[in-house]
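A quick write-up on the structure given underneath.
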Amino acid sequence: MALLSEKCKWIPQVQIKSQKYATACPSIDIYNYHPYSGGGRIILALLLETGRIEPSEELREIVYKCTECGSCAVSCKFLNTLEPLEIIMKLREKLVELGGGPMPKQQEYIEAANKVNNPYNEPHEKRLAWLPKDIRLDPDAKVLYFVGCTSSYRRQEMAIAAARILKAAGIPFNILQDEEFCCGSPILRTGDVKTFKKFLNKNLDVIESKGIDTVIFSCAGCYDTFKVDYPLYREYTFRVLHTVEFFDELLDTGKLKLIKEIPITVTYHDPCHLGRNAERYKDWDGDIVNLMPLVSINIPPKPKRTGSNGIYEPPRNILKKIPGLKFVEMERIKEYAYCCGAGAGVKSAFPEFALQTAKIRIEEAEDTGADTLVSACPFCSTNLQDGIEESGANLKYYDISELILMSLGLEPEKLKEITKEVV
Amino acid sequence: MVLEKEILKKFQDIVGSKNVNDGEVITNAYSYNWCMEYVNYMEDKEPIPFSPIPKAVILPSSTEEVQEVVKLCNKYRIQFKAQSTGLGPWNQPSTENSIILDLRRMNKIIKIDDKNLYAVVEPYVSGAQLQVEAMKYDLTVHMPGAGPQVSPLASATSMNGPGFTSPHTGHSARNVLGVEWVLPNGEVLKLGSAGLKNHSDWYNGDGPGPSLRGIMRGWAGAKSGIGVFTKVAVKLFPYPCSTEFKLQGYSPNYNFDIPDFMRLYVMDCGSYKYLKKVILRIEEEEISFMCSHLSGYGLTAIFSHSVESMMDKMPIASLKTPLVVLIAARTKYEFNYKQKVMEILLDELNLKNIIGTKYTPNSIFYAEALRSNLGLHGFIVTGGFQSAKGQCDTVKTCLRTTKKSIPLKKKYIKKGVIGNDFGEGVWMTSYESGHYFHVESITLFDQTDEESVKGMGEFMEDNYQFDLVKHLGAPFFVEGDRMHNMFGPYMMNYHKWLRKIKKAFDPNEIADSGFYISAKSEN
Ligand SMILES: Cc1cc2nc3c(=O)[nH]c(=O)nc-3n(C[C@H](O)[C@H](O)[C@H](O)COP(=O)(O)OP(=O)(O)OC[C@H]3O[C@@H](n4cnc5c(N)ncnc54)[C@H](O)[C@@H]3O)c2cc1C
């Protein structure tokens with residue numbers, strides 16, 4: 001075990017701009033005791049591994065009160081080679097193995113997913129109930145829109161917006177309909193790798209059988225899971241893109257034209273799954289060369305996942321292309337963005353923790369002077385909207401695809417109505 | 001050893017139930033700390049990174065709560081250990097009868113007085129937090145080499161204080177002004193002008209009568225052995241250049257817009273004797289923001305973000321006795337003046353600046369220098385380091401100890417238990433225009449390798465003996481009874497006086513003395 005230098009509690013030191021927004025980790029911010037931080041969680045893993053503690057209720061609570069947002073890992077790896085996020089994930093895996101995890105609420109949604117292929121326990125056959133009647137799916141399309149459970153059942157406005165934008169751009173696309181299953185992300189994050197693999201295989205079997213070139217996702221969680229986690233267990237050949245990447249390309253090539261002015265001031269929240277965690281592991285086939293006692297180096301240098309290859313510019317490019325829209329940044333952005341608070345099963349197991357975190361982020365958004373908060377993830381959407389409601393903040397929330405849709409020519413005030421009309 | 005239910009309840013009544021934890025998991029987690037393994041080994045214990053497990057961890061949120069907790073500790077004869085950001089073995093309880101006071105809920109910047117150049121802070125304000133707020137007034141703060149993530153309060157009141165920007169921002173021991181101090185019996189003592197009956201303020205740490213600042217901390221600090229510090233005023237300094245701080249790109253490969261008026265010099269002095277002359281001469285001119293000697297090897301580390309990236313910096317690693325000087329200015333005139341002085345000095349001393357010719361650092365180096373982030377680069381080689389020595393002395397003594405200790409260090413390098421820095425791995429910086437210096441022997445070891453841990457412990461022990469016998473100065477890690485009893489007889493029996501202080505302030509030994517001195521008399 002090398003140094004645990006406390007950096008994990010803060011955003012990268014050189015990025016700190018104020019006392020108020022200097023911290024990185026919702027869990028330690030709220031629960032205060034050291035084991036709630038990235039470094040503290042590494043200590044927990046060491047304690048468990050060396051038999052100094054056993055699985056217990058107390059341990060489970062601490063281990064699962066973490067959104068696995070990975071901010072600790074970004075700060076740590078500014079200089080070090082420790083992997084706090086990976087250790088946190090392994091710790092959960094270990095607890096599941098030992099019968100000490102996940103949390104009961106998480107167990108419930110895993111069981112639901114096993115039964116009806118989504119963690120919300122909604123009927124599988126209603127997965128496509130959101131689809132507007134005028135949208136045509138193309139069974140031969142090379143582009144697949146993977147909707148995900150949250151957009152299918154809870155945040156249908158995102159699915160509708162994505163489908164309408166694809167239609168507006170004239171992109172033939174397909175949706176798997178009843179052959180689409182939970183991506184497994186909420187299951188994997190709890191440490192239940194065995195169940196996760198079942199979903200991974202189900203999804204990959206279907207997609208690979210259909211000769212798909214490109215899969216696009218409006219859900220950052222599904223996207224991250226397909227892009228980063230799936231290849232660790234099973235390789236595939238199709239391209240995966242988040243809708244912000246795909247739509248940004250469509251704007252660049254002129255297939256989409258944003259014409260309608262939207263006179264709002266927007267700040268953008270980087271979802272962890274689309275930002276720092278959406279960075280693929282790179283293969284490394286080098287040698288560890290012992291230079292002298294205690295000092296070895298990797299030849300060639302082993303790539304570190306530092307959060308630098310997340311999807312940061314496409315959403316910003318899109319926002320900047322919307323006529324009339326003023327874009328302002330929060331203090332904690334991109335690879336060191338503060339988490340919304342919903343991830344890794346926290347929203348279901350510890351809703352209060354999720355809400356408290358959202359409120360911190362909402363305050364940061366308000367401090368920019370923006371009147372609108374935008375993101376690109378259905379989990380962030382739900383949790384941040386809950387946060388806005390709870391804190392009484394004077395902020396509107398939109399998914400970025402909704403703004404694109406408005407700027408394509410739909411009246412902003414009609415947007416929510418449209419959702420109702422078609423669902 | 002858990003707390004009795006009745007006592008636990010009393011602590012809960014003071015700070016609220018969620019701010020006291022005596023659970024197995026939390027208390028065990030607080031028994032871990034960096035470098036605890038070699039400290040254990042030096043104390044003839046198993047070389048594991050764990051200390052005794054605290055009976056509970058308490059998170060007070062105010063001075064009043066700290067007072068009440070300390071009073072309760074007195075009542076039940078429980079010892080306490082205070083932590084600010086809690087980094088290092090000094091934060092660990094030394095007995096099974098200790099609780100930890102984790103002060104992270106005390107995190108307010110109480111005041112920034114930009115006219116009188118000081119700030120008042122609580123324990124869990126980090127150096128970076130205070131600095132960015134001070135920057136809004138074109139000011140900065142001193143931070144120890146431990147980095148911007150540690151507490152200016154802890155550094156000012158309780159532990160050490162050298163930093164990379166010391167030529168400009170001084171030493172924590174000399175930067176501390178008014179202090180609010182919860183004594184080991186629970187009473188509050190305010191030092192200096194903070195304690196005045198009328199018009200109290202924080203601008204001065206001394207009052208009438210003998211100064212208690214020396215008693216409070218001296219050179220190395222009491223490491224929680226003499227009470228809990230709840231507020232401190234520290235000096236602020238002019239930010240050395242424009243406070244515009246622009247970074248582009250992503251971690252860790254940020255590009256920094258280097259402020260217009262900043263320039264780095266790295267010169268090879270060739271020998272310790274010549275280094276002495278050069279550093280005194282440069283410091284005499286009072287122009288440097290940073291002025292440090294590091295070994296060639298250490299220097300490559302502060303320019304690198306991984307051990308692999310050190311490999312392409314061989315022109316630096318091969319420097320014999322390098323000196324790093326960073327100058328910074330707010331105006332063109334000031335900058336021109338400082339550059340001109342350096343030009344004359346290089347000419348006079350017959351030295352060449354290798355920056356821009358043999359080597360050009362990445363721009364992030366300048367950002368890290370301004371934000372005091374360079375110290376933690378020491379970890380990139382073996383994952384662990386600790387410093388032997390740490391004395392405050394003349395440049396002559398600092399360099400004498402550096403030179404004389406090389407054969408000893410080489411002995412351990414040969415055994416393969418510490419990293420090979422050719423025995424030269426030190427960091428030395430100047431203070432107050434060369435009035436004094438400090439040097440520490442940065443030593444690389446691997447905390448995960450038992451042989452290395454033991455070797456590090458033995459090297460530290462040998463170093464202490466060597467410093468004593470050859471009179472090479474008093475290291476800052478002279479901590480605990482054994483060490484003080486070892487050093488005291490060689491140094492005016494200071495340990496007897498220190499013990500009297502402890503006895504006067506804490507006769508019942510309520511403040512855990514593991515890294516200070518106990519009240520019990522020397523045997
Ligand atoms: C990698 C590394 C490099 C370092 N380099 C340097 C260096 O270059 N220069 C330097 O000066 N120091 C250095 N140090 C040691 C350093 O002094 C302390 O780590 C730091 O300055 C203190 O701040 P902290 O917040 O970490 O304090 P802590 O680690 O929380 O505390 C340090 C000591 O003070 C005590 N303490 C803390 N707060 C209080 C309080 N409120 N009341 C009473 N006692 C208290 C603690 O019990 C502990 O003994 C280094 C440490 C590390 C780990």
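Quick caveat, the model's predicted, so the values are computed rather than measured. Letters go in sequence order (proteins before strands), and every chain restarts at 1.
- With a threshold of 4.5 angstrom between heavy atoms, B:Phe385 does not approach chain A through any atom at all.
- Of all heavy-atom pairs between B:Asn21 and A:Tyr33, the closest is N-OH, 3.4 Å.
- Among residues two or more places apart in sequence or in another chain, the side chain to side chain contact (heavy atoms under 4.5 Å, CB included) test is passed with A:Glu329 by A:Arg316, A:Phe327, A:Ile333, A:Lys334.
- In this structure, chain A has a heavy atom under 4.5 Å from the side chain of B:Ile48, while its backbone stays farther away.
- Remark: B:Lys111 NZ is packed, more than 12 non-hydrogen atoms of other residues, nucleotides or ligands lying under 6.0 Å away.
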So B:Gln129 and A:Trp10, side-chain contact (heavy atoms from CB on, under 4.5 Å) or not? Walk me through it. CA-CA 10 Å; B:Gln129 285 182 305; A:Trp10 311 96; 3.4 Å; yes
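- Contact record, B:Asp449 with A:Leu294: OD2-CD2, 4.0 Å, taken as the closest heavy-atom pair.
- Checked by atom type and distance alone, the side chain of B:Tyr32 never pairs as donor or acceptor with a backbone atom of A:Leu46 at under 3.5 Å.
- To the nearest 0.5 angstrom, A:Leu47 atom CG is 5.0 Å from B:Phe50 atom CZ.
- In terms of modelled atom types and a separation under 3.5 Å, the side chain of B:Arg371 and the main chain of A:Gln13 share a donor-acceptor contact.
- In this structure, the portion of A:Leu291 lying under 4.5 Å from any heavy atom of chain B is its side chain and not its backbone.
- Summarising the local packing, CD of A:Glu54 is surrounded by 12 or fewer heavy atoms from other residues, nucleotides or ligands at distances under 6.0 Å.
- B:Asn28 CG to A:Ile43 CD1: the interatomic distance, rounded to the nearest 0.5 Å, is 10.5 Å.
- Under the 3.5 Å distance criterion, the side-chain polar atoms of A:Gln19 are left unmatched by any main-chain donor or acceptor of B:Ser126.
- Ring geometry for A:Phe78 versus B:His305: interplanar angle over 60°, hence perpendicular rather than tilted (30 to 60°).
- In terms of non-hydrogen atom pairs under 4.5 Å with chain B, the most contact-rich of A:Met292, A:Lys77, A:Gln15 is A:Gln15.
- Looking at B:Asn253, there are no atoms closer than 4.5 Å to chain A (heavy atoms on both sides), in backbone or side chain.
- Ranked by non-hydrogen atom pairs under 4.5 Å with chain B, the options A:Val295, A:Leu48, A:Ile299 are led by A:Val295.
- Residue-environment remark: CD (A:Glu49) stays at or below the threshold of 12 foreign heavy atoms within 6.0 Å.
- One finds the CG atom of B:Asn107 at 8.5 Å from the CG atom of A:Asn32 (value rounded to the nearest 0.5 Å).
- With a threshold of 4.5 angstrom between heavy atoms, A:Leu59 approaches chain B through its backbone and through its side chain.
- Proximity to chain A (any heavy atom under 4.5 Å) is restricted, for B:Lys136, to the side chain, taken from C-beta onward.
- Annotation: maximal heavy-atom pairing with chain B below 4.5 Å, among A:Val14, A:Asn309, A:Thr306, occurs at A:Val14.
- Heavy-atom distances place the side chain of A:Pro12, and not its backbone, under 4.5 Å from chain B.
- Counting only distance, with no hydrogens or angles, the side chain of B:Arg104 and the backbone of A:His34 share no donor-acceptor pair below 3.5 Å.
- When all heavy atoms of A:Pro35 and B:Ala29 are compared, the pair lying nearest together is CG-CB, 3.4 Å.
- A donor-acceptor contact shorter than 3.5 Å links the side chain of B:Glu308 to the backbone of A:Asn298.
- Looking at A:Ile16, the atoms closer than 4.5 Å to chain B (heavy atoms on both sides) sit in the backbone and in the side chain alike.
- Proximity to chain A (any heavy atom under 4.5 Å) is shown, for B:Ile109, by both the backbone and the side chain.
- Interface remark: A:Thr81 contributes no atoms to any contact with chain B (heavy atom separation under 4.5 Å).
- Among residues at least two apart or in separate chains, ring pair (Phe, Tyr, Trp, His ring centres under 6.0 Å) pairs with a member in residues 286-312 of chain A are A:Tyr312-B:Tyr250.
- A 6.0 Å sphere centred on CG of A:Asn290 holds more than 12 heavy atoms belonging to other residues, nucleotides or ligands.
- Using a 4.5 Å cut-off between heavy atoms, B:Phe256 does not touch chain A at all.
- Chain A forms the most heavy-atom pairs under 4.5 Å with one residue out of B:Leu444, B:Leu59, B:Asn19, and that residue is B:Leu59.
- Of the possible polar contacts, none joining the B:Gln149 side chain to the A:Cys8 backbone as a donor-acceptor pair under 3.5 Å is found.
- Only the backbone of B:Ser304 comes within contact range of chain A, judged by heavy atoms closer than 4.5 Å.
- Remark: B:Lys415 NZ is packed, more than 12 non-hydrogen atoms of other residues, nucleotides or ligands lying under 6.0 Å away.
- The main-chain N or O of A:Ile53 is never found under 3.5 Å from a side-chain atom of B:Glu24 such that the two would form a donor-acceptor pair.
- Within the 4.5 angstrom heavy-atom criterion, no atom of B:Met310 approaches chain A.
- Taking a 6.0 Å sphere around NZ of B:Lys454, one finds it holds more than 12 heavy atoms contributed by other residues, nucleotides or ligands.
- For chain A, the nearby part of B:Leu247 is the side chain; its heavy atoms alone come within less than 4.5 Å.
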Could you give me the CA-CA distance, side-chain angles and deciding distance for B:Thr85 and A:Lys9, then say whether side-chain contact (heavy atoms from CB on, under 4.5 Å) is met? CA-CA 10 Å; B:Thr85 70; A:Lys9 292 175 181 162; over 6 Å; no
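- Heavy-atom distances place both the backbone and the side chain of A:Leu79 under 4.5 Å from chain B.
- Taking OG from B:Ser306 and CD1 from A:Ile297, the interatomic distance works out to 9.0 Å, rounded to the nearest 0.5 Å.
- Side-chain N or O atoms of A:Glu58 include one that pairs as donor or acceptor with a backbone N or O of B:Val25 at under 3.5 Å.
- Taking a 6.0 Å sphere around NZ of A:Lys359, one finds it holds more than 12 heavy atoms contributed by other residues, nucleotides or ligands.
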